[in-house]
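Throughout, protein chains are lettered first and strands after them, A, B, ... in sequence-line order, and every chain is numbered starting at 1.
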Amino acid sequence: MPSYKPQAVEAKWQRFWEENKTFRTPDDLSKPKYYILDMFPYPSGAGLHVGHPEGYTATDILARWKRMRGFNVLHPMGWDAFGLPAEQYAIQTGTHPRITTQNNINTFRRQIKMLGFSYDWDREVDTTDPGYFKWTQWIFLELYDTWYDTEAKKGRSIAELPIPADVKSKGESAVRAYQDSKRLAYQAEVPVNWCPELGTVLANEEVIDGKSERGSHPVIRMPLKQWMLRITDYAERLIDDLSVVNWPDPIKDMQRNWIGKSEGAEVDFELQIADCKLEESSKPRGERSELLGSIRVYTTRPDTLFGATYMVLAPEHRLVETITTPEQRTAVKEYQLAASRKSDFERTELAKKKTGVFTGAYAINPVNGENVPIWIADYVLASYGTGAIMAVPAHDERDFEFAQAFDLPIKPVVKLTEAWLKQTKSTLDNLSEPYCEEGVAFNSGEFDGLPTAEFKTKITAWLEGKGLGTKKINYKLRDWLFSRQRYWGEPFPILHELDAKGQPTGVKRAVPIQDLPLTLPVLEDFKPSGSPEGPLAKAKEWTHVTLDGKPYLRETNTMPQWAGSCWYYLRYIDPRNEAAFADPKLLNHYLPVDLYVGGAEHAVLHLLYSRFWHKVLFDRGYVNCPEPFKRLVNQGLILGQIEYYRDVIDGETVSAGEVEGKGLVSEQKKVPEDEVEVRGKKFFWTKDPTIELSARTDKMSKSRGNVISPDDVVEEYGADSLRLYEMFMGPLEATKPWSMRGVEGVYRFLNRAWRLIVDERADEVRLSDAVQDVAADKETERKLHQTIKRVTNDLDGLSFNTAISAMMEFVNHMTPLAVRPKSSLRTFVLLLSPFAPHLAEEMWQTLGGATTLAYEPWPAFDESLLQADSVEVPVQINGKVRAKIVVPAGLDSAAMEKAALADEKVQAQLAGKSIKKVIVVPGKMVNLVVG
RNA sequence: GCCGAGGUGGUGUAAUGGCAGCCACGCAGGAUUUAGGAUCCUGUGCCGCAAGGCGUGCGGGUUCAAGUCCCGCCCUCGGCACCA
């Protein structure tokens with residue numbers, strides 16, 4: 001084997017690693033641990049694409065590096081295998097999802113192993129394995145058993161929930177209902193995304209622009225009884241603890257925005273209805289909220305209360321019926337009906353123009369006693385705040401639009417500056433747009449002159465004093481809709497008690513722990529039932545059970561795909577444990593995950609859900625750290641190769657520039673790369689050089705036909721080249737286009753590295769004659785130590801691309817040498833080994849290594865060997881480089897200045913001018929400021 | 001609209017405020033080769049024969065010195081989107 005044959009080398013070392021279990025992670029608690037985690041994939045039928053190995057290669061390089069630095073590295077892989085595609089496939093073909101899933105997993109495993117990643121395969125997990133989802137179900141039961149103690153800010157067992165005396169006195173079922181109302185996992189009637197075409201409920205993230213992600217079927221909102229998880233109880237802690245993790249700021253921002261904390265006040269507006277007005281107004285706040293006497297609103301700008309000229313209720317608000325006057329009843333009913341029929345999509349998309357209807361009722365503005373009309377409009381959401389707002393059109397964009405549409409009064413209460421009025425061409429009585437900034441109050445009675453922040457505090461206190469309002473914090477985050485009407489998911493371990501007639505009593509019971517896992521029933525027909533029970537309801541023998549002599553009906557919903565991925569990082573720590581989800585001793589040792597790498601598409605949901613579950617487990621004492629993932633890095637998207645297009649209009653090709661901005665519609669046709677000519681910054685078509693082409697990179701997709709399969713790349717260039725190219729493309733976090741030419745570039749580099757060491761002309765792999773046991777010359781020594789330093793620092797900073805270019809420079813230095821010192825090459829091979837492990841192992845062996853290099857100590861660099869004897873430094877005159885001088889390294893400022901002034905070119909430039917200032921950066925440059 | 005990231009050669013990219021373009025791709029020339037491929041060497045930001053000038057999205061500013069810091073715009077991408 002004279003030349004570099006990746007296929008042979010890679011097969012050989014993959015076999016070696018597998019047979020020797022080189023990357024098994026022993027639970028050696030005496031060594032420092034490093035837990036490095038990939039986001040595990042959903043094994044789709046299409047197999048891996050080149051985007052997957054990007055993150056996996058990065059983590060593998062770090063895992064291998066950390067091992068060489070003496071860490072006990074935990075680096076596992078598994079499968080997030082429940083979910084819709086396998087089920088859809090089952091519906092179409094009749095193949096059981098278990099079988100498709102197994103096939104897909106086998107494909108993914110083969111492909112991932114082909115890339116030579118150093119996973120500990122003994123720790124592989126599969127979310128659809130009963131041994132795994134037993135514990136998903138167990139965690140669900142923990143959530144079911146937990147209530148959130150707002151005083152202690154901590155989840156506690158339901159057994160510890162204090163039962164109020166009046167509840168206790170009403171008996172056992174009242175107590176049970178009270179407990180059920182506090183559990184983190186609870187059932188509730190909520191509006192869901194119902195897709196009639198698919199006959200199932202969809203998650204929000206499965207609905208795109210009001211249509212189903214699969215098949216683009218219409219989705220409507222419909223109230224259904226669903227399982228919910230009370231993630232909102234943890235909202236505050238989910239925000240606060242972002243400050244203790246090392247995550248990219250944009251991701252933290254996205255999570256904060258998603259949770260959407262806002263601080264404001266709830267204010268009660270008394271209804272102007274003769275019957276109840278007086279009798280209710282004396283009631284203490286809190287009790288009154290359920291009565292008819294007032295409407296409660298939420299506002300972040302209580303300082304604009306004096307400018308509230310009307311109120312708006314969501315069409316679904318529970319008081320709409322009661323307050324609507326007989327004259328308005330028909331109009332209100334019609335509006336409510338229309339609103340309920342609209343999908344969320346229509347409600348937002350068509351809401352460019354504000355709509356609404358007057359209820360005929362009035363309320364009293366608590367700060368000035370003025371009557372304000374009450375409207376309903378779908379721009380107010382029932383699900384946020386109190387479902388009702390006070391409208392301050394002068395200082396709120398939406399209220400302003402609405403007020404304009406319906407000719408409602410607009411009353412400014414924050415001082416408008418002259419400049420602003422001028423700029424917006426407004427007058428005090430006639431604003432052209434709302435003023436939404438903070439400012440100083442006016443038109444606000446005794447509060448005139450107060451700045452916004454101070455006003456907010458004062459007015460809130462004033463309202464509290466009168467029992468009319470209180471400080472309030474709201475979140476955009478909603479409780480997590482946790483049930484799906486699907487087959488291929490974890491069944492809920494919950495039983496519904498039946499009475500003698502076979503009707504549910506409303507009493508729920510957890511499946512006893514010893515009966516877990518609760519596996520899925522065998523079904524022939526996986527189709528959605530079209531009813532809220534889901535397909536599991538069809539398995540009658542499965543759904544009906546008797547426990548302790550009582551008949552029960554099993555819960556027939558299944559959990560969403562997020563469930564299994566919420567905690568897989570915990571199972572890796574002790575994947576075969578049958579007595580617990582993991583041994584606490586091991587959990588304490590390996591947690592938290594030191595580095596978590598994955599796509600930014602999981603920036604919010606998966607990471608938020610996972611953190612939530614982790615916090616519950618933390619509160620309940622199962623894990624010892626409040627956050628699961630210490631450091632997070634998002635790998636960027638890999639786009640398809642650059643492609644060139646010509647624009648065709650009515651069969652004629654025209655230049656790219658002629659289409660843009662002229663409202664013309666053209667058909668874009670692909671132009672092969674060899675028909676592209678570069679002229680300046682533009683591209684032209686060789687078949688008609690007057691035609692300018694456009695160039696573009698797109699996301700890889702089947703429909704565009706630009707998907708690159710790792711299988712093909714590995715077949716042609718080998719896994720090491722694929723790995724290296726994935727890292728050489730650019731920064732890990734960046735979005736970047738694929739290029740086969742680029743793969744070839746790194747392939748050539750590996751070939752050059754190979755030829756440094758291996759005798760090309762021999763039949764067997766043997767050391768090249770040029771490699772000898774000699775001491776390295778000074779230059780080589782310096783280059784080597786520079787390379788060690790750069791690679792080490794770059795690995796530390798996850799700058800894999802620059803680490804590779806440093807190694808390329810080293811190889812470029814070594815290539816022309818007739819005699820190459822063996823010790824330098826051994827060091828180089830160690831540096832290369834995390835990146836191109838197969839090739840490195842082979843070269844290590846050729847250089848005399850007895851066994852795997854996976855646990856060889858990482859090379860150290862000697863700072864004293866880094867510095868060259870002399871350096872070239874630029875001499876600038878007024879900031880422009882005019883000369884270069886060569887000076888001994890470490891020369892001081894004064895000497896450098898002297899050397900610069902002695903230079904001929906400098907002398908010439910200085911003729912007839914005087915030096916005003918001299919700046920010397922030792923070892924870097926000299927700048928002479930002359931006049 | 002709001003939040004965030006980013007605009008550097010023909011391409012991917014690199015540069016603790018200190019010589020812009022490291023390392024690659026591509027291209028050009030040369031060596032080797034029957035030829036092709038592979039390999040090796042040299043050159044390659046733009047304009048210019050050259051001297052030199054101009055160059056990091058655009059316009060200002062700070063500084064001896066700005067791709068990097070500050071202010072104002074433009075464009076691309078990602079996320080959120082009537083959340084009061």
Side-chain angles (χ1 to χ4, degrees), chain A residues 3 248-254 256-258 260-262 264 297-301 304 312 347-348 351-352 354 377-381 383-392 395-399 401-402 474-478 600-601 603-604 634 636-637 641-642 673 676-683 695 697 725 728-731 733-746 748-749 751-752 755 760 799 801-809 811-812 815-816 872-884 916-921 923-930:
Chain A
S3 59
D249 285 329
I251 301 294
K252 289 187 182 184
D253 282 345
M254 279 163 76
R256 275 192 208 101
N257 290 342
W258 189 265
K261 180 181 179 176
S262 77
V297 302
Y298 172 69
T299 178
T300 54
R301 291 294 298 270
T304 60
V312 186
R347 249 169 106 147
T348 53
K352 296 209 161 93
K354 295 267 182 293
D378 63 6
Y379 84 89
V380 172
L381 306 176
S383 51
Y384 183 78
T386 60
I389 61 154
M390 63 174 209
V392 186
H395 305 296
D396 181 279
E397 188 92 33
R398 299 146 301 183
D399 297 345
E401 278 174 32
F402 191 82
N474 259 320
Y475 302 93
K476 287 201 277 187
L477 184 71
R478 306 291 149 78
E601 66 271 24
V604 177
N634 291 116
L637 197 66
Q641 306 220 42
I642 189 163
E673 217 189 325
V676 178
E677 188 197 334
V678 181
R679 254 182 270 155
K681 296 194 175 200
K682 293 177 174 177
F683 307 100
T697 50
Y725 177 64
F728 187 62
M729 289 172 88
E733 293 96 328
T735 301
K736 38 210 180 281
W738 187 264
S739 155
M740 272 305 179
R741 288 221 167 104
V743 182
E744 227 166 290
V746 295
R748 287 209 279 263
F749 160 66
N751 271 287
R752 282 200 296 277
R755 286 196 300 268
E760 268 190 287
S799 302
N801 53 331
T802 50
I804 294 167
S805 63
M807 289 187 285
M808 286 174 166
E809 284 183 53
V811 169
N812 290 346
T815 297
E872 189 189 59
V873 296
V875 181
Q876 297 182 345
I877 290 169
N878 287 340
K880 293 200 172 182
V881 179
R882 295 297 180 185
K884 290 186 181 181
K916 291 191 169 157
K917 194 173 177 182
V918 179
I919 295 106
V920 179
V921 183
K924 288 274 187 190
M925 50 83 65
V926 179
N927 190 8
L928 306 170
V929 184
V930 302

Tell me whether Gln641(A) contacts the main-chain N or O of Met740(A) through its side chain, where contact means a donor paired with an acceptor under 3.5 Å.
yes

Are Asn801(A) and A14(B) close enough that a side-chain N or O sits under 4.0 Å from OP1 or OP2?
yes

Using a 4.0 Å heavy-atom cut-off, does Gly745(A) contact any base of the nucleic acid, only the sugar-phosphate backbone, or nothing at all?
sugar-phosphate

Would you say Asn634(A) places a side-chain N or O within less than 4.0 Å of OP1 or OP2 belonging to A5(B)?
no

Name the nucleic acid region contacted by Ser739(A), choosing base, sugar-phosphate or nothing; use a 4.0 angstrom heavy-atom cut-off, strictly under.
nothing

When you measure from the side-chain N and O atoms of Lys736(A) to the phosphate of G12(B), is any distance below 4.0 Å, counting only OP1 and OP2?
no

When you measure from the side chain of Asp399(A) to the backbone N and O of Val392(A), does any donor-acceptor pair fall under 3.5 Å?
yes

Between Ser739(A) (side chain only) and Gly742(A) (backbone N and O only), is there a donor and an acceptor less than 3.5 Å apart?
yes

Phosphate-side-chain proximity, Tyr384(A) and A84(B), N/O vs OP1/OP2 below 4.0 Å
yes

Just the dot-bracket of RNA chain B, please: which string comes out with Watson-Crick or G-U pairs under 3.5 Å, [ ] for crossing, | for another strand?
(((((((..(((.....[....)))((((((.......))))))(((....)))..(((((..]....))))))))))))....

Among G26(B), C19(B), C23(B), the one nearest Glu872(A) by side-chain distance:
C19(B)

Minimum-distance nucleotide to Leu381(A) side chain [options: C54(B), A84(B), G18(B)]
A84(B)

Per Arg755(A) side chain, nearest of listed nucleotides G53(B), G4(B), C40(B):
C40(B)

Is the number of heavy atoms from other residues, nucleotides or ligands within 6.0 Å of CD (Glu677(A)) greater than 12?
yes

Nearest to side-chain heavy atoms of Ile389(A), which nucleotide of A84(B), C80(B), G18(B)
A84(B)

C54(B), OP1 or OP2 - any side-chain N/O from Lys880(A) closer than 4.0 Å?
yes

Judged by atom type as modelled, is there a donor-acceptor pair below 3.5 Å linking the side chain of Asp396(A) to the main-chain atoms of Ala391(A)?
no

Rounded to the nearest 0.5 Å, what separation is found between the CG atom of Asn812(A) and the CD atom of Glu809(A)?
7.5 Å

Among A24(B), A65(B), A84(B), which nucleotide sits nearest the side chain of Asn927(A)?
A65(B)

Let me spell it out: for each of Lys476(A) and Met808(A), pick the nucleotide of RNA chain B with the closest heavy atom. Which residue's pick is nearer the 5' end?
Met808(A)

For Phe683(A), report the nucleic acid contact type (base, sugar-phosphate, nothing); a contact means any heavy atom under 4.0 Å.
sugar-phosphate

Rounded to whole angstrom units, what separation is found between the NZ atom of Lys354(A) and the P atom of A81(B)?
16 Å

Side chain proximity check, Thr304(A) to Met390(A), heavy atoms < 4.5 angstrom
yes

Let's see if you can work this out: which of C23(B), U13(B), A5(B) has an atom nearest to the side-chain heavy atoms of Phe728(A)?
C23(B)

Any non-hydrogen side-chain atom of Tyr725(A) less than 4.5 Å from a side-chain atom of Glu744(A)?
no

For the side chain of Glu809(A), starting at C-beta, report the closest nucleotide among C22(B), G18(B), G10(B).
C22(B)

Contact under 4.0 Å: Arg748(A) side-chain N or O vs G26(B) OP1/OP2
yes

By nearest atom, which of the nucleotides A15(B), C19(B), G9(B) is closest to the Val881(A) side chain?
C19(B)

Would you find more than 12 non-hydrogen atoms of other residues, nucleotides or ligands less than 6.0 Å from Lys682(A) atom NZ?
no

To the side chain of Arg752(A), which of C64(B), A24(B), A84(B) is closest?
A24(B)

NA contact type, Asp253(A), heavy-atom cut-off 4.0 Å: base, sugar-phosphate, or nothing?
sugar-phosphate

Is Ser262(A) close enough to A84(B) that one of its side-chain N or O atoms is under 4.0 Å from OP1 or OP2 there?
yes

Nearest of A84(B), G18(B), A15(B) to any side-chain atom of Lys924(A)?
G18(B)

Taking for Ala734(A) and for Ile919(A) the nucleotide of RNA chain B with the nearest heavy atom, the one nearer the 5' end belongs to Ala734(A)

For a quick check of understanding: with a heavy-atom distance under 4.0 Å over all strands, which category does Pro731(A) fall into, base, sugar-phosphate or nothing?
sugar-phosphate

